[in-house]
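Computed over heavy atoms, backbone and side chain alike; hydrogens, waters and symmetry mates excluded. It should be emphasised that the depicted structure is a prediction, and the values quoted were computed from it without experimental measurement.
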Amino acid sequence: MKEKTKINKNREYRKVYNHGKSMASSVIVTYCLKNKLSVVRLGITTSKKIGNAVKRNRARRVIRAAFFELKGKVKNGYDLIFVARSKTCFVKTGDVLKDMRFHLEKLGALK
């Protein structure tokens, strides 16, 4: 992976939600869509259903840490969105990594 950028705009999130493929587990939901760029763009969503700000931030940190362990194996040219679930803030990075790897393999985003 050459470079990582963020998905910032609401319309970019909606495009991935509406046109991308998705997979869900008890820990995370993964959305994946090919883009016309040569970079991988990452978005992480945590809703207020997860809990207070401390829990939402922990969920984002766990997802980000799991993704950075896989970043060299992800093909370029994909938009990836990870949605935290209520269990995400209570599990370890390894559990999220296992589900994330399985999702990205099934969606065809891993090399």
Side-chain angles (χ1 to χ4, degrees):
M1 188 170 98
K2 297 177 186 175
E3 180 182 339
K4 179 195 77 72
T5 59
K6 292 181 183 178
I7 298 175
N8 290 324
K9 300 188 190 252
N10 187 22
R11 64 184 156 101
E12 295 170 345
Y13 275 94
R14 284 195 323 249
K15 183 177 179 182
V16 177
Y17 289 144
N18 293 331
H19 300 292
K21 296 178 183 176
S22 67
M23 288 197 70
S25 69
S26 63
V27 180
I28 59 169
V29 180
T30 305
Y31 290 90
C32 179
L33 180 68
K34 281 191 176 184
N35 61 27
K36 295 179 178 157
L37 307 171
S38 62
V39 295
V40 174
R41 296 192 310 169
L42 176 67
I44 298 173
T45 304
T46 54
S47 71
K48 287 195 174 184
K49 291 180 183 178
I50 304 295
N52 60 11
V54 174
K55 290 181 181 176
R56 291 194 306 269
N57 284 331
R58 167 142 173 84
R60 280 192 288 267
R61 280 196 315 269
V62 168
I63 291 172
R64 202 175 298 120
F67 180 74
F68 283 129
E69 291 188 28
L70 284 178
K71 72 178 181 180
K73 298 176 185 173
V74 177
K75 293 179 188 175
N76 288 329
Y78 279 94
D79 288 342
L80 301 173
I81 295 178
F82 298 106
V83 180
R85 292 225 160 148
S86 58
K87 288 172 103 178
T88 308
C89 58
F90 299 110
V91 298
K92 297 195 183 251
T93 305
D95 298 332
V96 175
L97 177 64
K98 182 180 71 168
D99 285 347
M100 191 180 290
R101 181 179 287 130
F102 177 75
H103 290 178
L104 292 177
E105 282 176 3
K106 288 291 186 178
L107 295 171
L110 284 185
K111 294 179 184 175

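Atom CD1 of Ile81 sits about 12.0 Å away from atom CD1 of Ile63, to the nearest 0.5 Å. Here the straight-line distance linking atom NE2 of His19 with atom CZ of Arg14 works out to 10.0 Å at 0.5 Å rounding. Once rounded to the nearest 0.5 Å, the distance linking NZ of Lys106 with NZ of Lys21 reads 12.0 Å. The structure places SG of Cys32 at 5.0 Å from CG of Leu107, a figure rounded to the nearest 0.5 Å.
Not one N or O on the side chain of Ser22 forms a donor-acceptor pair closer than 3.5 Å with the backbone of Thr30. No donor-acceptor pair closer than 3.5 Å links the side chain of Arg56 to the backbone N or O of Ser47.
Val96 is connected to Leu70 through a chain of hydrophobic side-chain contacts under 4.5 Å among Ile, Leu, Val, Met, Phe, Trp and Tyr, so both are in one cluster. Neither Tyr17 nor Leu42 shares a network with the other; the hydrophobic side chains, linked directly or stepwise wherever heavy atoms of I, L, V, M, F, W or Y lie under 4.5 Å apart, form separate groups for each. Phe67 and Val27 fall within a single hydrophobic cluster, where Ile, Leu, Val, Met, Phe, Trp and Tyr are joined by side-chain heavy atoms under 4.5 Å apart, directly or via other members. A continuous path of Ile, Leu, Val, Met, Phe, Trp and Tyr side chains, each step under 4.5 Å between heavy atoms, connects Val62 with Val74, placing both in one hydrophobic cluster. Cluster membership for Ile28 and Leu97, using ILVMFWY side-chain heavy atoms within less than 4.5 angstrom, is shared.
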Are Arg101 and Lys73 close enough, and set up right, to give a side-chain contact (heavy atoms from CB on, under 4.5 Å), and what steps lead you there? CA-CA 10 Å; Arg101 181 179 287 130; Lys73 298 176 185 173; 4.1 Å; yes
Begin with the C-alpha distance, continue with both residues' side-chain angles, and end with the deciding distance and a verdict on side-chain contact (heavy atoms from CB on, under 4.5 Å) for Lys15 and Arg11. CA-CA 6 Å; Lys15 183 177 179 182; Arg11 64 184 156 101; over 6 Å; no
Using the rule given for side-chain contact (heavy atoms from CB on, under 4.5 Å), can you reason through Phe90 versus Lys55, listing the C-alpha separation, both sets of side-chain angles and the distance that settles it, and then say yes or no? CA-CA 8 Å; Phe90 299 110; Lys55 290 181 181 176; 4.1 Å; yes
Could you give me the CA-CA distance, side-chain angles and deciding distance for Asn76 and Val40, then say whether side-chain contact (heavy atoms from CB on, under 4.5 Å) is met? CA-CA 5 Å; Asn76 288 329; Val40 174; 4.1 Å; yes
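Residues Ile50 and Ser86 approach most closely at CD1-N, 3.7 Å, considering heavy atoms. The two residues Ile44 and Tyr13 have their closest heavy-atom pair at N-OH, 3.7 Å. In plain terms, the two heavy atoms of Lys6 and Arg41 that are nearest each other are O-CD, 4.4 Å. Taking each heavy atom of Ala66 and Thr93 in turn, the nearest pair found is N-CG2, 3.6 Å. What you find for Leu80 and Ile7 is that their closest heavy atoms are O-CD1, 4.0 Å. The nearest pair of heavy atoms linking Asp79 to Val16 is CB-CG2, 3.7 Å.
Arg85 is not listed as a side-chain neighbour of Val83, based on a closest heavy-atom distance of 4.5 Å or more.
In the model, Tyr31 has no side-chain atom that pairs as donor or acceptor with a side-chain atom of Thr45 under 3.5 Å.
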